[in-house]
Amino acid sequence: MDDKRPLRIGLIGFGCVGQGFYDILQRQPELGLTITRIAVKSPDKPRTLPAERFSFRADELLADPNLDLLVEVIDDPAEAFRLVSAALRQGRRIVSANKAMVARHLPELVALQREFGGTLLYEAAVCGSIPIIRTLDAYFSHEPLRAVSGIFNGSSNYVLTRMSEEGSDYGPALAEAQALGFAETDPALDMGAFDPRSKAVILAAHAFGLLLNPDEVLNLGIEGVGAADIAYAASLGQKIKVIAGLYRLPNGRVTALVTPQLLGPESPFFNVEHEFNGVAIEAEYAGPHFLQGRGAGGHPTGSAVLADVQALRSGFRYGYTKQAARFQAQLVEGLEVEVYLRHPSAAALGQALDWLRLPAQAVLPGTDGTQATGSVGLAALGQWRVALREAGVFVARLGEVGLIPEVPAEAETAHALA
Ligand SMILES: NC(=O)c1ccc[n+]([C@@H]2O[C@H](COP(=O)([O-])OP(=O)(O)OC[C@H]3O[C@@H](n4cnc5c(N)ncnc54)[C@H](OP(=O)(O)O)[C@@H]3O)[C@@H](O)[C@H]2O)c1
């Protein structure tokens, strides 16, 4: 390709991220990047650019041989997969920000790149402006990692921050996050921890070579969080954050989960507030690393899209090197974690304790039966997660995930004889 002529970009989607990316390019003409065509969905929406700039059929951009690369930033994962996979079948270079789509279809997307020679980059899909995918994929490609964890969702972090600094209720704090453009079109994706789960699945591929099915990764959200939970954490000198974690277990396998967690000031995530995201990497030889940045918003995410466009220009592609490392996943079976649970009704909390096989003594004294703590199996949490969400029970982790100790055979026999 002639490097002196401007690169012609086809932009699919002109919402928060698409406009942010467009704006960044307008301010930096020296980059030599031109958005030649833009596709959107609705012909009737008012636009900030003249009507003739828009096409309403993204397929026209796919069929345009004059476009050097495509940027897909739409909010419809099924349509995004159709467009991105069609582009890869043509051997094209394409950037996407759609984490739900990438997490669900990663094995097919990797296979399409290998078969047809195209390239897909998706840095903007995980933690907005934080350069985490390329860091894991390229910089740490040959470094064994112990853990990659963090705050991967700006919207729920914004809600939790507002609840603890202003004493705001959940509803108004969520409305604020939506008004500021930090929330996904469907807020359940953010508040139910589906969005950070998609991001954890994507990072699992680059950090540990694991291609996980998002549905099999435990995710607990903050829809049930209330002032009582923020106050409980504060009474311990802690805060509640939604932490997505990929952890190597003592048996060498890797687990993945996303849950609210109580954290103290010693945690690198304690002061990651508002829409900011933070990622901690525990590397075997290089030690601990921490990255913090804006996890959402037009300009930060548009900046990550621009970084991918420039990377495509220089021929970069993901190596997926860790796929050779042969890690195995252990998602819930044989694992346990200490949790905190609350429901305003003692009867509803009692029901949750039964589901999770926690004893009545798990109830915290002085809470009228509305708050409890105890150690539960991840399998039980996975089995009851929908029921817990529907019942409005708030559940948060109090510590790290551990292996359930195996009971020695003699002890089992002795117990049976007793
Ligand atoms: N917002 C963030 O901070 C953020 C951060 C990281 C990643 N992301 C990801 O980036 C993507 C875009 O998010 P967003 O916040 O920019 O969404 P958005 O503001 O809702 O904008 C979506 C855009 O996609 C267009 N669109 C939808 N379906 C289309 C189709 N079939 N063909 C062509 N255009 C179509 C819409 O067209 P109309 O204008 O006609 O409605 C709109 O312009 C999502 O995958 C999201 O998960 C967002």
Side-chain angles (χ1 to χ4, degrees), residues 10-24 35 37-49 51 53-64 70-87 94-105 109 120-133 151-158 177-190 194-199 201-203 214 274-277 279 293-308:
L11 176 61
I12 309 175
F14 198 66
C16 178
V17 179
Q19 294 191 51
F21 174 60
Y22 181 90
D23 190 46
I24 291 173
I35 295 180
R37 302 188 69 172
I38 307 174
V40 286
K41 190 174 178 185
S42 334
D44 309 325
K45 248 189 198 174
R47 305 284 172 189
T48 50
L49 296 176
R53 292 293 321 264
F54 296 96
S55 150
F56 303 99
R57 285 176 40 81
D59 289 290
E60 289 173 7
L61 274 61
L62 280 177
D64 186 342
L70 297 166
V71 169
E72 175 280 302
V73 281
I74 71 172
D75 57 345
D76 173 347
E79 182 63 2
F81 178 60
R82 191 186 70 77
L83 294 168
V84 169
S85 51
I94 183 161
V95 173
S96 173
N98 200 314
K99 48 262 170 148
M101 183 277 286
V102 174
R104 200 153 288 285
H105 297 287
L109 295 169
L120 168 66
L121 299 183
Y122 40 82
E123 188 66 69
V126 181
C127 297
S129 63
I130 301 177
I132 183 61
I133 300 180
I151 296 173
F152 293 179
N153 183 266
S155 182
S156 54
N157 200 44
Y158 185 87
Q178 287 173 311
L180 290 165
F182 302 141
E184 286 292 315
T185 312
D186 173 5
L189 295 175
D190 296 315
F194 293 95
D195 170 85
R197 180 176 75 173
S198 293
K199 295 163 178 171
V201 165
I202 295 172
L203 293 193
H274 298 104
E275 79 278 20
F276 278 82
N277 284 190
V279 189
R294 289 187 192 278
H299 276 165
T301 314
S303 157
V305 170
L306 170 60
D308 273 354

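Because the structure is predicted, anything quoted here is derived from the model rather than measured. Both counts, for ligands and for their atoms, begin at 1 and track the order of listing. Residue numbers count from 1 along this sequence.
With Val73, Ile38, Ile74, Asp59 as candidates, the residue nearest to atom 44 (C) of ligand 1 on a non-hydrogen basis is Ile74.
Residue-to-ligand polar distances place Gly15 within reach of ligand 1: an N/O pair is separated by less than 3.5 Å. Of the polar atoms of Val17, at least one N or O is found under 3.5 Å from an N or O of ligand 1, judged by distance alone. Here's the thing with Asp76: none of its N/O atoms is less than 3.5 angstrom from an N/O atom of ligand 1. Backbone and side-chain nitrogen or oxygen atoms of Ala58 are examined, and none is located within less than 3.5 angstrom of a nitrogen or oxygen of ligand 1. Close N/O approach between Gly13 and ligand 1 is not found [any backbone or side-chain N/O within under 3.5 Å].
Near Arg47, meaning under 4.0 Å from any of its heavy atoms, are these atoms of ligand 1: 38 (P), 39 (O), 40 (O). Those atoms of ligand 1 that come under 4.0 Å of a heavy atom in Ala124, given as number and element, are 6 (C), 7 (C). Interface of Ala296 with ligand 1, defined as ligand atoms under 4.0 Å from a residue heavy atom, comprises 3 (O).
Remark: distances from the non-hydrogen atoms of Ala125 to ligand 1 are all 4.0 Å or more. No heavy atom of Gln19 sits closer than 4.0 Å to any atom of ligand 1.
When all heavy atoms are compared, the tightest approach of Ile202 to Ala125 is CD1-CB, 4.3 Å. Residue Leu70 comes nearest to Ala87 through the heavy atom pair CD1-CB, 4.0 Å, listed as atom of the first residue, atom of the second, then distance. Across every non-hydrogen atom of Thr301 and Gly128, the tightest pair is OG1-CA, 4.3 Å. Looking at every heavy atom in both residues, Ala80 comes nearest to Ile74 through N-CD1, 3.7 Å. Minimum interatomic distance between Ala58 and Ile12 (heavy atoms only, all atoms of both residues): CB-CG2, 3.7 Å. Across all their heavy atoms, Arg47 and Phe14 have their closest contact at NH1-O, 4.5 Å.
At a heavy-atom cutoff of 4.0 Å, ligand 1 is contacted by the side chain of Glu79 but not by its backbone. Proximity of Met101 to ligand 1, defined as any heavy-atom pair under 4.0 Å, is not found for any part of the residue.
Remark: of the listed residues Val102, Val279, Val126, Val126 is the sole one forming a side chain to side chain contact (heavy atoms under 4.5 Å, CB included) with Lys199.
Salt bridge absent: Lys41 and Asp75 never bring a charged side-chain N and a carboxylate O closer than 4.0 Å.
Of the inter-residue distances, the one linking Leu83 atom CG with Ile94 atom CD1 reads 7.0 Å to the nearest 0.5 angstrom.
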